[in-house]
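Letters A, B, ... mirror the listed sequences (proteins, then strands); counts begin at 1. Heavy-atom basis, side chains included; hydrogens, waters and symmetry copies ignored.
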2 protein chains.
Amino acid sequence: MKPKLTLKQIARELDVSVSTVSKALRDSVEISEETRLKIKAFAKLYNYKPNNIALSLKNRKTRTIGLVLPEIVHDFFATVISGIEQVANQKGYNVIICLSNNSFDREVMNMEMLANGSTDGFILSVAKETQQREDYHHLQEAINQGMPIVLVDRVVDQIVCDKVIIDDSEGAQNAVQHLIDSGCQKIAIITTVDYVSVGKLRTRGYLEALGKNNMVINEDLILKIEDVDQSQEEINEFLRTREIDGVFAVNEQFATSAIKALHLKGLSVPRDVLVFSFSDGELSRRFIPSLSTVNQHGAEMGAKAAELLIERLEKPVDEERFQTAIIKTSLIERESSQKTKTPVE
Amino acid sequence: MKPKLTLKQIARELDVSVSTVSKALRDSVEISEETRLKIKAFAKLYNYKPNNIALSLKNRKTRTIGLVLPEIVHDFFATVISGIEQVANQKGYNVIICLSNNSFDREVMNMEMLANGSTDGFILSVAKETQQREDYHHLQEAINQGMPIVLVDRVVDQIVCDKVIIDDSEGAQNAVQHLIDSGCQKIAIITTVDYVSVGKLRTRGYLEALGKNNMVINEDLILKIEDVDQSQEEINEFLRTREIDGVFAVNEQFATSAIKALHLKGLSVPRDVLVFSFSDGELSRRFIPSLSTVNQHGAEMGAKAAELLIERLEKPVDEERFQTAIIKTSLIERESSQKTKTPVE
DNA sequence: AGAGCGGCCGAAAACGATTTCGTGTTGAAA
DNA sequence: TTTCAACACGAAATCGTTTTCGGCCGCTCT
């Protein structure tokens, strides 16, 4: 086990000074060709790599991005990470990931942990609990300390910074419009409680679609779910007692639960009821019937977030103008929303 | 935007020396109560936090774990990350994540990127391509440089280090045994090509289960898949032309593809054919019929890996004895393998 | 011959923290 | 009065780099 090579060791070995070695390796004109080549050859031979920590300290830049996410066992966030990682790595940045598990305290802890010099900036999607509390002091503090933040997906309006979102409302509206166009008259929505920003927006899209088509809005067809884990029973009960011909679910989990509930009732999807979902993941692709969904393009969101952050990091003299990038959603029509295309069962 | 507070600034402000400040904050007895309290009060007031990078440089420890994974949009790896993250954070470690995308080159690049002082050690699951090439020099080099490695799930025998695996073979055997116990006579297996270590082991478990029950091994009922993306057609064709009453699939994707293929053939699961899968994820839980699977306990694997690594980092005088932790698998019996429990369709 | 200049290199400071080793001031013991 | 220990603090080294500044040598130009 050999400890890593340092400039000092090279200098001692070659009988020159540390500064000479440093300059030689960085191709400074101050160093004669002869010395330069000798040092470079030696460095290459013993596979010298400058110590990142020392560089970080010297440059006061870590080339590291802090990523704080509510969860990770979730296709959407996983794809976001993919997108971030790809752009970051390509630009020579590392990504430190911390999970908040949707807890406010863990989110704050994670940010404090990373803010002490470990990262140059943050990409963050706020925890559910944070949205509920509406306490964003930790975000503001990071910004005040000079650490740029890019918010992704679950953004908060009160904080002034770069943001990457999709048009949740529009995506939902398109999905519901598609159900309407397919002949649905009584469309239920299964959504989250209102403090989850994206849930609220998707609900709004649903309402707007109905409004635009002069359809009556029936509050009785709106189910707002607090706890995903206990959603199946709620959804069963909800659908058992309502007569509907279309369901719009704001995520894959609700969509599959809805289909199960409809089966319980003896109904088939898409034969009797059409279903449209949100968030395209493995589940949507593999489910039978495969789910029509609003694609959020998570990887693209992540990539954009990383680009925005890195740009801000590398052009710090940039004006204080922040932008909100809106990634286009797209409808993926699969079996669950198409009467004509009955799946194999 | 105030730059972060440093010891030097506190010292200047309070008209003492940097060393005094440092000692006061660390409760050294060398400092008088009065000075100590004054300094601590000031530090608290202005929310001083020591700079992590400087500490890392000084201590030659980063308290950061490098995690290199083949992919992340995959429930298993996502849960592994969860487990690692939880243990790491609780012990005051950060986690840097890099994705290899199953590419050998990216795996090597990532490790080089992190080995230059950014992390104290690695947790790694080797890329598919790396397993195919059987080139593990980058792992050995990291170890030679004094960076401990813990291999997870996709391990390599040639490298001597701590490892965390499940008994893939035993898990598969149990699953197949369960199919046999349920009355299956002709059980097909849908697995990966052999160079994927876990695939090979699961195949072996399948063979052993058949052997133990004195069942004839029919090579014609073994399908080895190279590319997951084009697996559906292969599986369709495979199942169309074979008469079977049970399917063991080495992952959720293959399992759902198999069920689709069986539907195409006019067969129902579990009525006509029983299906057992491997890797418990959202897909297994939500699918209709829900999938019986071998649970790999990814979070537990991740947690164990983090524990092993951190232990080795903090007790460096430890003997050079490495251990391989084998996490118990467990069978989760859901609808797809139980004739009696017909799902709602 | 003296001034000036360019080529080549080393010393030292800096990044922010910890730690070892002084050093000056007390007060008490001899 | 001298000596010595305890006390409270500061100077400086250290971690591994980069960079500024200055120095030395030899050469050319007047």
Side-chain angles (χ1 to χ4, degrees), chain A residues 2-40 42-43 46-64 92 114-120 145-146, chain B residues 2-40 42-43 46-64 92 114-120 145-146:
Chain A
K2 50 192 174 192
K4 287 126 250 179
L5 202 54
T6 69
L7 286 188
K8 197 191 289 188
Q9 294 172 41
I10 300 184
R12 195 183 312 144
E13 211 68 36
L14 262 44
D15 213 38
V16 290
S17 78
V18 176
S19 11
T20 303
V21 179
S22 175
K23 287 175 195 162
L25 292 178
R26 319 198 86 232
D27 285 319
S28 160
V29 288
E30 281 187 58
I31 307 299
S32 71
E33 171 117 4
E34 191 195 337
T35 319
R36 191 153 45 84
L37 292 182
K38 182 178 67 179
I39 292 176
K40 289 187 108 175
F42 187 93
Y46 291 101
N47 193 29
Y48 168 79
K49 294 273 166 55
N51 181 308
N52 231 311
I53 298 295
L55 284 179
S56 294
L57 182 59
K58 184 91 188 51
N59 302 329
R60 259 109 59 90
K61 296 236 170 125
T62 59
R63 295 190 80 81
T64 297
L114 296 183
N116 304 321
S118 297
T119 64
D120 295 339
Q145 287 198 359
Chain B
K2 50 191 175 193
K4 287 128 252 180
L5 202 54
T6 70
L7 285 189
K8 197 191 289 190
Q9 293 172 43
I10 300 184
R12 194 183 312 142
E13 210 68 38
L14 262 43
D15 213 38
V16 289
S17 79
V18 176
S19 10
T20 303
V21 179
S22 174
K23 287 174 194 163
L25 292 177
R26 318 198 86 230
D27 285 319
S28 160
V29 288
E30 283 187 55
I31 307 301
S32 71
E33 170 116 6
E34 191 195 336
T35 320
R36 190 153 46 84
L37 292 182
K38 182 178 67 181
I39 292 177
K40 290 187 108 174
F42 186 93
Y46 291 101
N47 193 29
Y48 168 79
K49 294 273 165 53
N51 181 309
N52 232 312
I53 298 295
L55 285 180
S56 294
L57 183 59
K58 183 89 184 55
N59 302 329
R60 261 108 58 90
K61 296 236 169 126
T62 59
R63 293 190 81 80
T64 297
L114 296 183
N116 304 320
S118 297
T119 64
D120 296 338
Q145 286 197 0

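- Between B:Ile31 and A:Lys49, the one whose closest nucleotide on DNA chain D sits nearer the 5' end is B:Ile31.
- At a threshold of 4.0 angstrom between heavy atoms, the contacts of A:Ser56 with the nucleic acid are absent.
- For the segment residues 13-22 of chain A, the set of residues with a heavy atom within less than 4.0 Å of an atom of DNA chain D comprises A:Val18, A:Ser19, A:Ser22, in numerical order.
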Decide side-chain contact (heavy atoms from CB on, under 4.5 Å) for B:Asp27 and B:Lys40; before the verdict, give the C-alpha distance in whole Å, the side-chain angles of both, and the deciding distance to 0.1 Å. CA-CA 9 Å; B:Asp27 285 319; B:Lys40 290 187 108 174; 2.8 Å; yes
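- Considering only heavy atoms from C-beta on, A:Ile53 stays 4.5 Å or farther from B:Arg60 through its side chain.
- Not counting sequence neighbours, the partners of A:Asn47 by the side chain to side chain donor-acceptor pair (under 3.5 Å) test are A:Lys49.
- With sequence neighbours excluded, no residue satisfies side chain to side chain donor-acceptor pair (under 3.5 Å) with B:Ser28.
- Heavy atoms from other residues, nucleotides or ligands lying under 6.0 Å from CG of B:Asp15 number 12 at most.
- The footprint of chain B on DNA chain C, defined by a heavy-atom cutoff below 4.0 Å, extends from C:dC15 to C:dC21.
- Mapping A:Glu30 and A:Thr6 onto DNA chain D via the closest heavy atom, the residue that lands nearer the 5' end is A:Thr6.
- Nearer to the 5' terminus of DNA chain C, by closest-nucleotide assignment, is the contact made by A:Val29 (compared with the other of B:Lys23 and A:Val29).
- Rounded to the nearest 0.5 angstrom, A:Ser56 OG and A:Asp120 CG are separated by 7.5 Å.
- Remark on the helix from C:dA1-D:dT30 to C:dA30-D:dT1: inter-end axis angle 90°, axes from five-pair C1' superpositions, rounded to 10°.
- Between B:Thr6 and B:Asn51 the shortest side-chain heavy-atom distance does not fall below 4.5 Å.
- Scanning DNA chain D 5' to 3' for nucleotides with an atom closer than 4.0 angstrom to a non-hydrogen atom of chain A gives a first and last hit of D:dC15 to D:dC21.
- At the heavy-atom level, A:Leu55 lies under 4.0 Å from the strands shown only through sugar-phosphate atoms.
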